[in-house]
Chemist: 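Quick one: the structure is below, and I'll ask about it shortly.
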Amino acid sequence: MAQKVLMKGNEAIGEAAIHAGCQCFFGYPITPQTEVAAYMSRRMPKVGRVFLQAESEVAAINMVYGAAGAGVRVMTSSSSPGISLKAEGISYIAGAELPCVILNIVRGGPGLGGIQPAQSDYFQATKGGGHGDYKLVVLAPSSVQEMVDFVQDAFDIADKYRTPVMIMGDGMLGQMMEPVEFKERPKKELPEKTWAANGLRGREKHNVINSLFLKPEELEAHNNKLQEKYREIEKNEVRYELYNCDEEMDLVIVSYGTLARICKNAIKMLKKEGINVGLIRPITLWPYPVEAFDKVVDKTKHGFISVEMSCGQMVEDVQLAVNGRKPVHFYGRSGGMVPTPAEIANKIKGIVGGAK
Amino acid sequence: MAQKVLMKGNEAIGEAAIHAGCQCFFGYPITPQTEVAAYMSRRMPKVGRVFLQAESEVAAINMVYGAAGAGVRVMTSSSSPGISLKAEGISYIAGAELPCVILNIVRGGPGLGGIQPAQSDYFQATKGGGHGDYKLVVLAPSSVQEMVDFVQDAFDIADKYRTPVMIMGDGMLGQMMEPVEFKERPKKELPEKTWAANGLRGREKHNVINSLFLKPEELEAHNNKLQEKYREIEKNEVRYELYNCDEEMDLVIVSYGTLARICKNAIKMLKKEGINVGLIRPITLWPYPVEAFDKVVDKTKHGFISVEMSCGQMVEDVQLAVNGRKPVHFYGRSGGMVPTPAEIANKIKGIVGGAK
Amino acid sequence: MTVVFDRPKALLDVPTHYCPGCTHGVIHRLVAEVIDELGILDKTIGVAPVGCSVLAYDYFACDMYEAAHGRAPAVATGIKRAVPDSVVFTYQGDGDLAAIGTAEIIHAAARGEKITTIFVNNAIYGMTGGQMAPTTLPGQVTETSPYGRDVKTAGYPIRVAEMISTLDGAVYVERVSVDSVPNIIKAKKAIKKAFEIQLQGLGFSLVEVLSICPTNWGLSPNESVKWLRDNMIPYYPLGVKKDATTGEVK
Amino acid sequence: MTVVFDRPKALLDVPTHYCPGCTHGVIHRLVAEVIDELGILDKTIGVAPVGCSVLAYDYFACDMYEAAHGRAPAVATGIKRAVPDSVVFTYQGDGDLAAIGTAEIIHAAARGEKITTIFVNNAIYGMTGGQMAPTTLPGQVTETSPYGRDVKTAGYPIRVAEMISTLDGAVYVERVSVDSVPNIIKAKKAIKKAFEIQLQGLGFSLVEVLSICPTNWGLSPNESVKWLRDNMIPYYPLGVKKDATTGEVK
Amino acid sequence: MGKVTFREERCKGCGLCIEVCPVKIIEFDEKLNTKGYHPATVKGDNMQKCIACASCARICPDVVIKVEK
Amino acid sequence: MGKVTFREERCKGCGLCIEVCPVKIIEFDEKLNTKGYHPATVKGDNMQKCIACASCARICPDVVIKVEK
Amino acid sequence: MANQEIIFAGFGGQGILSMGKFLAYAGLEENLNVSWFPSYGPEMRGGTSNCSVILSDEPIGSPLVVDATTVVVMNRPSLDKFESHVVKGGLLIIDSDLVNREPERTDIEIIKIPAQRIAEEVGSKKIANMVLLGALVEKTKIVKMESLLKALKEHGKEQFYELNKKALERGAEFGR
Amino acid sequence: MANQEIIFAGFGGQGILSMGKFLAYAGLEENLNVSWFPSYGPEMRGGTSNCSVILSDEPIGSPLVVDATTVVVMNRPSLDKFESHVVKGGLLIIDSDLVNREPERTDIEIIKIPAQRIAEEVGSKKIANMVLLGALVEKTKIVKMESLLKALKEHGKEQFYELNKKALERGAEFGR
Ligand SMILES: Cc1ncc(C[n+]2csc(CCOP(=O)(O)OP(=O)(O)O)c2C)c(N)n1
Ligand SMILES: Cc1ncc(C[n+]2csc(CCOP(=O)(O)OP(=O)(O)O)c2C)c(N)n1
Ligand code: SF4
Ligand code: SF4
Ligand code: SF4
Ligand code: SF4
């Protein structure tokens, strides 16, 4: 077992990317994720890799497009407004089927908003912030250790499916230090990147990185291919955690990221009062873990509550998953306000009718 | 009654904006909406108003931010990739509560995609392409006449709620000519723009256009205010058309924009075969016309089918509205392929079990 | 006794959030003094950037905007076109103007947009904690150039005033510094001239102001002004770069 | 008989979609000839823009990318950093490079990115049907300057080569034209030199090529070359703008 | 003496080669090619006047022309 | 003779005024202001040396100083 | 029930789009529902051009005509592309001066018109489109010839009115 | 059950963040779950600074401490801000050299330490934070002093180790 070290989320993710073979990092400073770039600027040259501070988020994501197309592992990192600026580029990357990892350390919005932790980019991440029918695989770690582990997973998923993968955290996760371990993991069997445009080097036919299909028939065929891939991902890559979901429950919380940890504390508090509450923690925000709901829907008395640091975004996916079988409630804070276990517990008591 | 003239959608919308008192237009060329800018470049100077071709979509939306903040009616127009680039700016406009009208003449995506008609920016428009918890009012006209009418409505809604409004069409709507009438409409009572930052001119306190709230408490309060506004809009501004929904139906189509017209043709075809199909045509894509579903859900035998020129986006809102009460089906084409009435009819026959 | 110096009215009487010694405060005051002297407070509209001066909207007494990072010139364009009789200025840092906002400033200048830009060059990203800016000097250590800016991989600093001067729409471009009292006096003159150019409807004007960032440079304020003088001025020569009213282009 | 002239191998043997007479075709061929002559087909990677030359990826025999509108220099940067031993060029129109892509080209140049940019200036947006470009001449009628470009509201054309030359990272910058056979020969020399600069690892190189757009200018091809000669060249003087290998800056 | 060969089906009839040919031997064919253009051609004995300067080939945007001598 | 007045609570103790004062009469106060800085001040008779050049006021980033004469 | 869904197709510059427009205006004149929809995008340029026109008593669905009651073609590629789009029993009008092959369909009505020659006789090859349009209107009776002439008068260039009129009339002969 | 949720608060430059870090490292040394979370953003600059540290047997939820078992304050604004955050029966440690008012709470334990003076005695005002930390560890016993020293040895600058150690010890006296 590798030794545990205390690391900031933002730095751990950088180190994890290096472990995962990330060859290039392109970024642009923005709070609360600037430490990722700062860390990479220190480390990447030391390991003979590329760190480049781009002139903007738009440039950064297009540099990612360039490097990804050439077949190397590449990552970029930003926070909410910066991710908005990357929307076009992300759509291009998805359209051209390029693998890459995009980190979003979410802050409060809209507009310039604030810099404290939030989850209000859920829609943007899961429904497609950019134009066109595409999907990002979205991983939501809830600890620094998961951040580290998911970076490796993200690169693997990206390469396996030729698709961009987003890791979505919040300011808390980025700024906090927790013990982490950089486990050596077995190399995955991944398809060779024969499609990469990195120079002919003896190859017969030139490779082209492209998302333009002027003929509707061809664009539709391309879209159908993308959709098939997305179905495949939905089949293979769904991840979630069930917590305290074994018995009959008064209510099931749905929550992700650091907030899910806070919800666990609320669950413990409630348990002491005789209220039994479960938790579904989606780890992949897309593909959304619908099956988790099927597993618990019959065991929950008052249905579900989506607890978010946003004004009601994931709750729609919860409703879609529950599809009317049980009531769906919502509790959210926004703008950088982080709910406490006590307030979550209170809200839940309001729903299930106090202690029993 | 004003005379009917034949006009291209893209030009009609320009003229309609001028009728609505649009003072500034900022755009950047992109197919299939370039004619909007071309039209404005001819007409705006003639009526003493401002046409400016920006250096990019990013600049255009920020010019909109500037002009809107100064209290004038302002519009911009683009197509899918260009709208992606505007994501940050739109989030700022929503955050700073500025009224403006944004036109998206959707083309096939993702990436550079194609230039033929599509509806694959539905998610982007309705769930928030940019970061943070905000909403755009989204109007989806299905004829050139509606384009004209909705432009006026859009400006009024924008001013009434201090919110950006999007008009979402597709390449067909932008390029086709149909007869239109520019009706003189009574001026609406709208709140005075006392918040506009257009120079003190004797005012005591300076006005500030801003979306930054560094304190989480303040940002949350601001977000709550926005959310209240959105609830208000949901109460007042929902629009939809019900077509052939009076009797018991075999199935109800849900479809918007030009595609809804094609669906009507399919409905006529099916009627001849003894299959009775209704249509819900959402006119506001957000706020979504949930009440329309409540009206018809008991009258449809096989539930609903969302017919889209995308790979399944609005279908989620249909599912949310139906909430498990009836089955929800989907039929979509993408990449610029426009479904024909016959293929829609066929798909429906597959669901309802052929002619009866 | 007569008052020799007091705070300008165009600056609101509130404390600023700037670090001790940060010359953003000086530059704010100069802009405010010019607004006062020209008597244009009533029709002036300022645009604050994203950067340390993001809260400038709380400090100036005129109507203010907070623009998205780098987009102040586009926002200013929207304002000026909508309200042509206003006086519009942008106040921007070097990350804001010379990195993410490069296209917007160049095109505002090329269009001869009748606005005035105050460009604060402190060779670093202040707000986000001291990353490399396009204006960071070769060899300068920052958070994202921890081994000193290596021109081989990170490229060369951009001389904004010189670059903007190549554009026909730019009417007046000068670089000044606020490292000393004489330079502060010159800086104010330049700012005043830039506003006058706008008032005369002649086109775009820009004043690049060399400024210090003690916090992120890791120096005291007094060490910082010295560092500016010794390192920045040689790389960024002061003076009028272009004055189309006299035909001067340097 | 010996072959005096035949198609270069770096150009695939396919018909192009360009309008009759469009000199995009000539410029493609020149780039291909240079790739052939330098023997670098195997390691060259090209980046096509959004614009009429968007389909360039179907025409060049080397590996190719299609970049988002204006972002070719950023894409090229990503490629070059990922594969340092490759030869990377961007091929961009004036809407692509001088409007939406202003920041990307300036920063690629400032960084001294070891790439080569072929900048096709035809004073108009071709692909989208003839709108005003940043390079559109004063008075020129386009779809979005229907009364002729009015410099008072639409501003002045940008001289890209001159502007880029102000940047320390730009090593070689030349403006050429393809309106005549002698100019075509010069254009090829410039392109070759630009690629050589990259091969030598010296930094960023850019060749601005004045080109015609008969379709959107509303002129025949032969009228167009004349229009270019009479109107564009006076505004956009040909020649080397900067050659850091000789210390020349014009 | 030179020889120019035209890949007729690739010609778009732009006429640039006709204008630059110093000995003025290139003209449009009467017939249309499959693309619908009148392709450039050198008729009859005119080829003998060709000086193989390759001007036509150099200005042709569509690489229609091969020049030999 | 001049007179400088410091708005003590606004002073951030940056010391720029101290450095530029040509007659070197400005110094830091020992006490902290409410912001936690040692504010600049002119002590005792030193004020008599003030030449009202306003250098301190001009370089002060926080508009702390008013100058009269 | 009046209903015509028409595709006009040919090279750019042949007036394909404008013949569609005039017909749409004529339909508007007669209070029909009308729509006109051009092909758009890069393929327009220098290459082919086509538009869909619908005139109908009923509300119009898609403005894009797929199953055409009438197709008018002014070059060979357009015949290749659109011959199959004519509905059974529908009408195909061909400029036989420009289309050098016979149509293959046998289940539709076909009118071949040497439109270039006729137009030249009338005054200019440029108005060959009007010759074809004349035949279409005469044959389908979708609008009255007067309405079309009124549309030409109001929305066309005045100096060409008489010429256009003549071309329409010459074309109409083929539609009888 | 070992569980401490601590807020350290003061001015920037007082070593607020690092005292939290050392404590977290000590917790890690003892195989506790630990988290450290700083305040971040512009207010850091020149102004106040604080961090939340949690050491617990159980998995940690939010790293942001709202209801603190212990609060350590090194200036007056921090006392104003965080006094109310101490849970009933919790602990408040104050650098009495820098905080010029008495705390108001009566339902908590309060330790006042003239940390500046003690630190100066030990060698430098800069290690006043260690004095306070020593008291905290001694009082709460959340980690063993050896673990803290080990953390200091491994993650602190070597040249300060002995000084820091002394400061911790002097502080510990106040925690007994
Ligand atoms: C789109 C976007 N990208 C990045 C940021 C983060 N950010 C805030 S300020 C800043 C740079 C500020 O530096 P500069 O413009 O030099 O001004 P200074 O702070 O030095 O005055 C950055 C990158 C942001 N807010 N929005
Ligand atoms: C983000 C974005 N904005 C706009 C467009 C539309 N667009 C396509 S090409 C083009 C301009 C092309 O002009 P230019 O770069 O001058 O090249 P040319 O066609 O003249 O060769 C534009 C604006 C787009 N595809 N994407
Ligand atoms: S960080 Fe630098 S630029 Fe920002 S306020 Fe502090 S000293 Fe000024
Ligand atoms: S539109 Fe202009 S630039 Fe584009 S291919 Fe045609 S002639 Fe060339
Ligand atoms: S230049 Fe080429 S394309 Fe043009 S006419 Fe001559 S051969 Fe044909
Ligand atoms: S310059 Fe101003 S802020 Fe700085 S020490 Fe002097 S009075 Fe205080």
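Everything numeric in this text was worked out from a predicted model, so none of it was measured. Any value given below was found using the heavy atoms of this structure, including those in side chains, with hydrogens, waters and symmetry copies removed. Protein chains get the first letters and strands the later ones, always in sequence-line order, with residue 1 at the start of each.
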Chemist: Using heavy-atom distances under 4.5 Å, tell me whether C:L12 contacts chain B through its side chain, its backbone, both, or neither.
Modeler: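 For C:L12, the contact with chain B is made by the side chain alone.
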Chemist: Could you tell me which portion of B:A196 (side chain, backbone, both or neither) has an atom closer than 4.5 angstrom to a non-hydrogen atom of chain C?
Modeler: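 Backbone of B:A196 only, per the 4.5 Å heavy-atom cut-off to chain C.
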Chemist: Using non-hydrogen atoms only, which part of C:I40 is less than 4.5 Å away from chain B: side chain, backbone, both, or neither?
Modeler: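 Looking at C:I40, nothing touches chain B.
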Chemist: Name the region of B:Q23, side chain, backbone, both or neither, that has any atom closer than 4.5 Å to a heavy atom of chain C.
Modeler: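 Contact with chain C involves no heavy atom of B:Q23 at all.
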Chemist: Please round to the nearest 0.5 Å and tell me the distance separating atom CD1 of B:I61 and atom CZ of C:R71.
Modeler: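 One gets 12.0 Å once the value is rounded to the nearest 0.5 Å.
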Chemist: So, applying side-chain contact (heavy atoms from CB on, under 4.5 Å) with C:R81, which one of B:V72, B:L52, B:V74 is it?
Modeler: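 For C:R81, the side-chain contact (heavy atoms from CB on, under 4.5 Å) check succeeds only for B:L52.
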Chemist: Below 4.0 angstrom, N of the basic side chain to O of the carboxylate: do C:D63 and B:R201 qualify?
Modeler: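 Here C:D63 does not pair with B:R201 in a salt bridge, since their nearest N and O are not under 4.0 Å apart.
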Chemist: Are the side chain of B:Y92 and the backbone of C:E66 linked by a donor-acceptor contact shorter than 3.5 Å?
Modeler: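 Between the backbone of C:E66 and the side chain of B:Y92 there is no qualifying donor-acceptor contact (under 3.5 Å).
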Chemist: Which atoms of C:V54 come close to chain B, meaning under 4.5 Å heavy atom to heavy atom: side chain ones, backbone ones, both, or neither?
Modeler: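 Only the side chain of C:V54 comes within 4.5 Å of chain B.
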Chemist: Taking every heavy-atom pair that is under 4.5 Å apart, which of C:A67, C:A68, C:A82, C:A48 has the most such pairs with chain B?
Modeler: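 Ranked by heavy-atom pairs under 4.5 Å with chain B, first place is C:A68.
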Chemist: Do B:L212 and C:V50 touch side chain to side chain, with heavy atoms closer than 4.5 Å?
Modeler: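 No - every pair of side-chain heavy atoms lies 4.5 Å or more apart.
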Chemist: Which of the residues C:E104, C:H69, C:K80 is involved in the greatest number of heavy-atom pairs with chain B at under 4.5 angstrom?
Modeler: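 The candidate making the most pairs under 4.5 Å is C:E104.
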Chemist: Under 6.0 Å from the NZ atom of C:K188, do we count more than 12 heavy atoms belonging to anything else shown?
Modeler: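 More than 12 heavy atoms, drawn from other residues, nucleotides or ligands, come within 6.0 Å of this atom.
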Chemist: How far does NE2 of B:H206 sit from CD1 of C:I45, to the nearest 0.5 angstrom?
Modeler: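 The CD1 atom of C:I45 is 13.0 Å from NE2 of B:H206, to the nearest 0.5 Å.
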Chemist: Would you confirm whether C:D42, through its side chain, and B:G202, through its main-chain N or O, come within 3.5 Å as a donor-acceptor pair?
Modeler: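 At least one qualifying donor-acceptor pair exists.
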Chemist: Between chain B and each of C:S86, C:P84, C:A61, count heavy-atom pairs under 4.5 Å; write down the option with the most.
Modeler: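 If we count pairs closer than 4.5 Å to chain B, C:A61 comes out on top.
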Chemist: So for atom NZ, which belongs to C:K189, do other residues, nucleotides or ligands contribute more than 12 heavy atoms lying within a distance under 6.0 Å?
Modeler: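 For C:K189, atom NZ is not crowded (no more than 12 foreign heavy atoms under 6.0 Å).
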Chemist: By a 4.5 Å heavy-atom criterion (distance strictly below it), what part of B:Y65 contacts chain C: side chain, backbone, both, or neither?
Modeler: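 Both backbone and side chain.
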